[in-house]
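One structure is given here, and the rest of the page talks about it.
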2 protein chains.
Amino acid sequence: MNTIFSALAEPHRLHIVELLRDGPLTVGEIVERLGLSQPQVSKHLRVLSEAGLVDVQPIANRRVYKLRPQSLQAIDTWLGSFRRLWETRFDRLESYLEAIQAKENKPPDRS
Amino acid sequence: MNTIFSALAEPHRLHIVELLRDGPLTVGEIVERLGLSQPQVSKHLRVLSEAGLVDVQPIANRRVYKLRPQSLQAIDTWLGSFRRLWETRFDRLESYLEAIQAKENKPPDRS
DNA sequence: ACGGAATATTCCTGTCAAGGAATATTCAAA
DNA sequence: TTTGAATATTCCTTGACAGGAATATTCCGT
């Protein structure tokens with residue numbers, strides 16, 4: 001999960017991932033759309049690949065890169081444990097503050 | 001979106017976010033759960049805050065940090081544009097390969 | 001086998017961010 | 001107003017990483 005996030009932390013890599021959303025692409029195609037140097041793109045693709053975000057398929061001279069849905073699904077699953085935070089209104093802040101107050105002032109005068 | 005990912009790219013910060021999932025926490029509480037130095041935690045919280053991932057609420061001496069659901073919701077929205085990749089089986093790879101073949105070999109012998 | 005296209009790898013350099021230590025700030029209590 | 005607790009900030013150093021240039025690799029066509 002950590003690896004995935006750091007892969008996506010780089011702007012160009014995030015861009016690549018978004019490009020691949022619309023279908024597989026060749027290195028050369030990514031190069032011309034991003035306006036980066038070919039070695040740069042290759043290096044970024046390597047990082048994305050090691051993070052499990054993309055898949056390679058060699059076809060003749062070229063290499064076709066493709067998104068790996070599982071990795072994005074992993075993010076989705078991770079997000080899942082947070083989803084209740086915005087799907088249900090769940091403000092524990094106030095009760096928490098009360099707890100703090102009670103714990104610190106510890107005066108039994110209000111009990 | 002970029003900022004959010006780089007904030008989560010750091011293991012300790014990811015950990016902090018996961019801690020806050022179960023409710024707001026004080027800096028000191030985070031310090032004792034992570035086993036990090038207090039300055040480290042403060043610095044990480046600063047990054048998280050600037051990325052919009054957390055909110056601060058000063059209460060007396062302490063500062064209570066809280067997750068900002070909107071930021072996680074932003075990730076969710078971003079993921080949304082990819083969701084069809086694993087919800088529907090959408091393998092354009094094969095047809096893409098055919099296209100490549102057709103484009104490169106350009107032999108009208110099959111036309 | 002050779003030449004060229006597509007891609008990957010290496011080496012180098014500069015930049016940026018994390019970690020540690022020390023210090024500054026803020027607030028409450030006495 | 002001094003003291004101490006909780007937190008933030010600064011300074012410094014070190015390591016990782018992106019970018020560029022050059023080179024290596026792989027594959028196809030001839």
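Here is how names work: the chains are called A, B, and so on, in the same order as the sequence lines, proteins then strands, and each is numbered from 1.
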Between [N] ([atom2]) and [X] ([atom1]): distance, integer Å:
| X | N | atom1 | atom2 | value |
| --- | --- | --- | --- | --- |
| A/Gln57 | C/dA6 | CD | C1' | 16 Å |
| B/Leu45 | C/dA17 | CG | P | 17 Å |
| B/Leu48 | C/dA18 | CG | P | 10 Å |
| B/Leu36 | C/dG20 | CG | C1' | 12 Å |
| A/Arg62 | D/dT25 | CZ | C1' | 17 Å |
| A/Asn61 | C/dA8 | CG | P | 11 Å |
| A/Glu50 | C/dA8 | CD | C1' | 12 Å |
| B/Ile59 | C/dT26 | CD1 | C1' | 15 Å |

Is the ring pair B/Trp78/B/Phe5 parallel, tilted or perpendicular, if the boundaries are 30 and 60 degrees?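 Perpendicular: the ring planes of B/Trp78 and B/Phe5 meet at over 60°.
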Test item: B/Asp76 and A/Asp76 side chains (from C-beta on) under 4.5 Å apart, heavy atoms: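 Yes, close enough: below the 4.5 Å cut-off.
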Does any non-hydrogen side-chain atom of A/Glu10 lie less than 4.5 Å from one of A/His44?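 Answer yes - side chains close enough.
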Should the side chain of B/Gln38 and the base of D/dA6 be counted as holding a donor-acceptor pair, with the cut-off at 3.5 Å?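 No, no donor-acceptor pair under 3.5 Å.
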Please determine, for the side chain of [X], which listed nucleotide ([options]) has the closest atom?
| X | options | answer |
| --- | --- | --- |
| B/Pro39 | C/dA21, D/dT7, D/dA18 | C/dA21 |
| B/Glu10 | C/dA18, C/dT9, D/dA6 | C/dA18 |
| A/Ser42 | C/dT9, C/dA28, D/dT7 | C/dT9 |

Is [X] close enough to [N] that one of its side-chain N or O atoms is under 4.0 Å from OP1 or OP2 there?
| X | N | answer |
| --- | --- | --- |
| B/Tyr65 | D/dA6 | no |
| B/Arg46 | D/dT7 | no |
| B/Arg63 | D/dA6 | no |
| B/His44 | C/dG19 | yes |

Please tabulate, one pair per line, all N/O donor-acceptor pairs under 3.5 Å involving side-chain atoms of residues 45-54 of chain B, not counting sequence neighbours.
from	atom 1	to	atom 2	distance (Å)
B/Arg46	NH1	B/Glu50	OE2	2.7

Give one of base, sugar-phosphate or nothing for A/Ser37, where a contact means two heavy atoms less than 4.0 Å apart.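 Since no nucleic acid heavy atom lies under 4.0 Å of A/Ser37, the category is nothing.
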For B/Pro58, which contact category applies under a 4.0 Å heavy-atom criterion: base, sugar-phosphate, or nothing?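 Result for B/Pro58 = nothing.
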Would you say the side chains of A/Gln38 and A/Ser42 form a donor-acceptor pair under 3.5 Å?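 Per modelled atom types, A/Gln38 and A/Ser42 side chains form a pair under 3.5 Å.
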Assuming nearest nucleotide by heavy-atom distance, tell me which of A/Lys43 and B/Gln40 is located more 5' along DNA chain D.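 The 5'-side residue here is B/Gln40.
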